[in-house]
Amino acid sequence: MYKEQVYWDSRYQEEQEDTGGHEWFGSYSDFSCLVRKELRPGSSGLVLGCGTSSLSVDLHAEGVSPVVSIDYSPVCIAEMAQRHAGRAGMSWLVMDARELQFPDGSFDLVIEKGTLDAMMVDEKDPWSVSPQTITLVDQVLSEVSRVLSPDGIFISVTFSQPHFRGRHYAQPQYGWSVSCNTYGVDFHYFLYTMRKGEELSPRDRESGRSLHEPHVQPELLPTLSDSDNEDFLTNICV
């Protein structure tokens with residue numbers, strides 16, 4: 001249901017009394033050190049699937065301005081616009097991340113936290129992603145690449161490990177490099193940084209190609225069965 005607008009409208013309606021908002025994968029302070037080193041003075045920012053997270057406000061406090069926050073839930077956007085009314089340099093728009101209504105090169109920073117995870121929630125086997133989901137993610141990433149400035153940064157926060165998620169980002173048509181950091185204590189999350197105008201490494205190019213190749217299940221190692229000769233077990237001296 002995480003893919004459905006009606007689910008989020010209903011959920012945000014129920015959570016309207018929670019002025020603290022909901023934070024997927026921790027709060028900004030948990031990974032702020034990784035973001036700060038990417039920020040430049042006067043950067044403009046776009047937050048995809050903003051939800052009721054404080055991420056947009058946190059980025060604005062870091063000096064990112066303007067910060068445009070989008071979500072496809074009108075209930076969410078109405079709530080956030082009201083909650084932060086009068087805050088200069090921030091705007092809240094109902095918009096689909098697959099069809100961004102901005103000119104090319106509009107933002108120095110685009111960031112998402114858990115939005116792609118929600119889009120991929122149907123996938124049961126991360127090694128074999130369906131063509132429909134690959135296309136869906138590509139639509140979003142193509143739009144992100146388009147609206148990024150020539151040397152802009154895209155940051156994606158997720159629980160998905162590099163061998164699963166990194167290959168989605170490592171497509172040469174996006175025109176960016178890919179790097180990954182982790183944060184967290186008891187459970188590690190992953191923060192991917194894509195730098196527009198930089199080349200993919202050979203390893204990342206290979207990873208990107210693997211997304212479009214059928215996954216081969218590893219061969220199972222032989223195991224003992226009841227009919228196998230197990231005499232060697234009785235001859236082990238302990």
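Numbering of residues begins at 1 and proceeds along the displayed sequence.
- Within the 4.5 Å cutoff, the side chain of Leu200 has heavy atoms near those of the Val178 side chain.
- Annotation for Gln173: atom CD counts as buried by contact number, over 12 foreign heavy atoms lying within 6.0 Å.
- With respect to Glu62, the salt bridge (charged side-chain N to carboxylate O under 4.0 Å, His left out) criterion is satisfied by exactly one of Arg36, Arg40, Lys37: Arg36.
- Between the side chains of Ser207 and Asp204, no donor-acceptor pair of N or O atoms lies under 3.5 Å.
- Checked by atom type and distance alone, the side chain of Ser106 never pairs as donor or acceptor with a backbone atom of Phe102 at under 3.5 Å.
- If you take CG on Leu116 and CZ on Arg165, they are separated by 5.5 Å, rounding to the nearest 0.5 Å.
- Rounding to the nearest 0.5 Å gives a distance of 5.0 Å between CG of Asn181 and CG of Leu34.
- Within the 4.5 Å cutoff, the side chain of Ile134 has heavy atoms near those of the His212 side chain.
- Taking the six-membered ring where tryptophan is involved, the planes of His84 and Trp92 are essentially parallel, since the angle between them stays under 30° and well short of 60°.
- The CZ atom of Arg167 lies 5.0 Å from the OG atom of Ser210; values are rounded to the nearest 0.5 Å.
- Minimum interatomic distance between Ser53 and Leu55 (heavy atoms only, all atoms of both residues): OG-N, 3.0 Å.
- The side chain to side chain contact (heavy atoms under 4.5 Å, CB included) test with Ser56 singles out one residue from Val68, Leu46, Val47, and that residue is Val47.
- Closest heavy-atom contact between His60 and Gly89: CD2-O, 3.7 Å.
- Put simply, the side chain of Ile111 does not reach to within 4.5 Å of the side chain of Leu48, judged on heavy atoms.
- Between the side chains of Ser27 and Ser29, a donor-acceptor pair is found at a separation under 3.5 Å.
- With a 4.5 Å cut-off on side-chain heavy atoms, Met194 and Leu148 do not count as touching.
- The distance from atom CD1 of Ile70 to atom OG of Ser73, rounded to the nearest 0.5 Å, is 12.5 Å.
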**OP:** Test side-chain hydrogen bond (donor to acceptor under 3.5 Å, both in side chains) on Gln161 and His188 and set out the steps.
**Re:** CA-CA 10 Å; Gln161 302 96 326; His188 282 121; over 6 Å; no
**OP:** Given side-chain contact (heavy atoms from CB on, under 4.5 Å), test His168 with Val129 step by step and report yes or no.
**Re:** CA-CA 10 Å; His168 289 273; Val129 181; 4.0 Å; yes
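- Here Cys180 contributes atom SG and His163 contributes atom NE2; the two are 10.5 Å apart, rounded to the nearest 0.5 Å.
- In this structure, the ring of Phe159 has its center no less than 6.0 angstrom from the ring center of Tyr189.
- The number of heavy-atom neighbours closer than 6.0 Å to CZ of Arg98, taken from other residues, nucleotides and ligands shown, is 12 or below.
- Side chain of Glu213 to backbone of Leu211: no donor-acceptor contact under 3.5 angstrom is found.
- Of the charged side-chain nitrogens involved, none lies within less than 4.0 Å of a carboxylate oxygen, so that Asp151 and Lys196 do not count as a salt-bridged pair.
- The two residues Cys76 and Gly51 come nearest to each other via the heavy atoms SG-O, 3.3 Å.
- Looking only at side-chain heavy atoms (C-beta outward), Val35 and Ser32 stay at 4.5 Å or farther from each other.
- For the residue pair Pro162 and Tyr192, the shortest heavy atom distance occurs at N-OH, 3.0 Å.
- Using a 4.5 Å heavy-atom threshold, the side chains of Phe190 and Ser160 count as separate.
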**OP:** Kindly determine whether Thr52 and Met80 satisfy side-chain contact (heavy atoms from CB on, under 4.5 Å), including the steps that lead there.
**Re:** CA-CA 7 Å; Thr52 55; Met80 295 300 281; 4.2 Å; yes
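- Annotation: side chain of Thr133 is not in contact with side chain of Met119 (no heavy-atom distance under 4.5 Å).
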**OP:** Report the C-alpha distance between Ile77 and Leu93 in whole Å, list the side-chain angles of each, state the deciding distance to 0.1 Å, and finish with yes or no for side-chain contact (heavy atoms from CB on, under 4.5 Å).
**Re:** CA-CA 6 Å; Ile77 291 300; Leu93 301 173; 5.7 Å; no
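- The pair Arg209-Glu206 counts as a salt bridge, with a side-chain nitrogen and a carboxylate oxygen less than 4.0 angstrom apart.
- The aromatic ring centroids of Tyr174 and Tyr169 lie 6.0 Å or more from each other.
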**OP:** Please assess Leu39 against Ile153 for the test side-chain contact (heavy atoms from CB on, under 4.5 Å), listing each intermediate value before the final yes or no.
**Re:** CA-CA 9 Å; Leu39 298 180; Ile153 301 295; over 6 Å; no
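- The distance from atom NZ of Lys113 to atom SG of Cys50, rounded to the nearest 0.5 Å, is 11.5 Å.
- By the 4.5 Å heavy-atom criterion applied to side chains, Ser44 and Leu109 are not counted as neighbours.
- Contact between Val157 and Asp117 at its shortest, heavy atoms only, is O-OD1, 3.9 Å.
- Between Phe154 and Trp176, the shortest heavy-atom distance links the atoms CD2-CH2, 3.8 Å.
- Under a 3.5 Å cut-off, the side chain of Glu143 and the backbone N or O of Ala97 do not form any donor-acceptor pair.
- Taking hydrophobic clusters as Ile, Leu, Val, Met, Phe, Trp and Tyr residues chained together by side-chain heavy-atom distances below 4.5 Å, Val185 does not share a cluster with Tyr28.
- Enclosure of atom CD in Glu199 is not indicated, since only 12 or fewer non-hydrogen atoms of other residues, nucleotides or ligands lie within 6.0 angstrom.
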